[in-house]
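Both counts, for ligands and for their atoms, begin at 1 and track the order of listing. The figures that follow rest on heavy atoms only: side chains count, while hydrogens, waters and symmetry mates do not.
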Amino acid sequence: MIISHKIRLNPNNKQATYLAKAAGTARFAYNWALAEWQIQYAAWKEDNSQPKPNQMLLRRQLNSIKREQFPWMLEVTKNAPQMAIIQLGAAFKNFFAGRAKYPQFKKKGKSRDSFTLTNDQFAIDASRIRIPNLGLVRMRETLRFSGKILSATVSRNADQWFASITVDTDQNHLPPAENQGTVGVDLGVSALATLSTGEKVVGAKPHKALLSRLQRLSRSLSRKVKGSANRHKAKQKLAKLHARIANIRQNSLHQLTTDLTRRFHTVGIEDLNVSGMVKNRHLSRAISDMGFFEFRRQLEYKADRRGAVVVVADRFFASSKTCSASGCGHKVDKLPLSVREWTCPLCGVVHDRDINAAKNLEKYAVSSTVSACGGEGAGSRCKPKVKPAPMKQEFNRKLDLG
Ligand SMILES: [Zn+2]
């Protein structure tokens, strides 16, 4: 299993300068190759006897001219320009496959500064990373996974440097979930998540807490003269604040996904049509704060490492509008988002909107793991039927009683 661990670096000033130079070289090479690609592609379209551009040819071409034309490139690891062009090749591949937009030029100060190293171009030594021409850079933690190290991407966020180290590890056998039960998780706006056990995870809402500071800083930035030192300073302050907000968000998501995969074997979640929801202005901030895509990504890889299962409900599954009371299952026509509590017109049970949705997701997860096993030809993909653990039932009973 291939997994990445992103570690904060502690470079000294000289090292930070080198890292910035390597990232600048990577960006330059990417832009150079993209421009060349466009020229060569146009030439090939005119005259098919011309070579069609590809990343390998462009890397060779750059290698043959860099000593003459871009001698400063030699001051940093050769990986910086080479890997940038390989990444451009991947970007074109994704574009031609219809998975991504046409590759864009990277703008200084706008695009993320980064460069990638192949495993022969760096080494990890306990809590340090060795990079050619640079020496040892201190890391804030040790690499969490053992196994074959594949690559490292060094990137900058505000004034902080990170190395995301990719490892092929067989260390995915963490202890299985404590409680072999199933949980449904409703991601929401008022709470970060509501579990079918009745628990509500509030989570950090960084944007709200820091919003006024963010607004003040962006206002002050817009007043600064373009290109001035003060504008640069204000820009850095703003970037730092954005990074802090992202960290807070990332931490509460990690806590939640670790907790879920530690406790439950099967986790049922919704397939949120986030792009549709983000269009709703009132919801957009809360949703981007919560990072639903990131939630699902973390949950899936952590579940994988524990041999657990994430069941994603169908996009049209009406988790909120369906009554979760056992034996009922009545579906109401409308349930505006402002309605936080409702009474089922058929069975009379009073529902907390989010807990009800989470319970339906739990049911969905249970029924889909059962049907995956029951069907013919399920074969090796069949997962054992999940038995709800006693603790969880107790929770549910408590809830049913109000
Ligand atoms: Zn009902």
Side-chain angles (χ1 to χ4, degrees), residues 177 179-203 256 259-260 263-274 276-277 280 282-283 286-287 290 292 295-296 299 308-375 383 385-402:
N179 159 340
Q180 287 293 299
T182 304
V183 70
V185 183
D186 177 66
L187 292 171
V189 176
S190 56
L192 171 57
T194 302
L195 314 192
S196 52
T197 57
E199 290 157 84
K200 293 208 172 194
V201 182
V202 177
L256 173 64
D259 180 59
L260 289 171
R263 287 169 57 199
F264 302 96
H265 177 271
T266 306
V267 185
I269 61 170
E270 217 166 347
D271 182 6
L272 279 164
N273 181 0
V274 176
M277 286 178 84
N280 179 332
H282 298 290
L283 278 175
I287 285 171
M290 307 290 187
F292 286 151
F295 168 77
R296 184 170 166 183
L299 193 64
V309 188
V310 177
V311 178
V312 182
D314 181 80
R315 181 155 295 185
F316 301 105
F317 178 64
S319 61
S320 297
K321 289 190 276 189
T322 307
C323 170
S324 65
S326 58
C328 182
H330 177 69
K331 193 174 144 191
V332 293
D333 287 338
K334 269 186 188 154
L335 197 64
L337 261 172
S338 56
V339 178
R340 306 315 303 170
E341 212 178 79
W342 58 283
T343 308
C344 173
L346 201 69
C347 71
V349 169
V350 180
H351 291 299
D352 170 288
R353 179 197 184 95
D354 300 336
I355 296 173
N356 179 60
K359 284 186 180 180
N360 282 322
L361 289 166
E362 181 194 344
K363 281 186 176 177
Y364 184 100
V366 170
S367 66
S368 55
T369 43
V370 172
S371 63
C373 284
K383 301 271 196 256
K385 188 183 169 186
V386 185
K387 219 170 135 192
M391 193 185 91
K392 191 168 70 17
Q393 285 182 330
E394 218 171 72
F395 263 117
N396 283 346
R397 242 194 324 272
K398 257 188 230 153
L399 279 166
D400 285 345
L401 294 171

J.: Knowing that exactly one of Thr182, Asp259, Thr197, Val185 qualifies, which makes a side-chain contact (heavy atoms from CB on, under 4.5 Å) with Phe264?
T.: Thr197
J.: Walk me through whether Val183 and Arg263 qualify under side chain to side chain contact (heavy atoms under 4.5 Å, CB included).
T.: CA-CA 9 Å; Val183 70; Arg263 287 169 57 199; over 6 Å; no
J.: Under a 3.5 Å threshold, yes or no: a donor from one side chain and an acceptor from the other, between Asn356 and Ser324?
T.: yes
J.: Go through it in stages, so that I can follow the logic: the residues are Val312 and Arg296, the test is side chain to side chain contact (heavy atoms under 4.5 Å, CB included), and I'd like the CA-CA distance, side-chain angles, deciding distance and then a yes or no.
T.: CA-CA 9 Å; Val312 182; Arg296 184 170 166 183; 3.7 Å; yes
J.: Okay, side chain of Arg353, backbone of Val339: is any donor-acceptor separation there less than 3.5 Å?
T.: yes
J.: Strictly under 2.8 Å of the Zn ion (ligand 1): which protein N/O/S atoms qualify?
T.: Cys323 SG, Cys328 SG, Cys344 SG, Cys347 SG
J.: List the steps and the verdict of side chain to side chain contact (heavy atoms under 4.5 Å, CB included) for Asp186 and Glu270.
T.: CA-CA 7 Å; Asp186 177 66; Glu270 217 166 347; 3.4 Å; yes
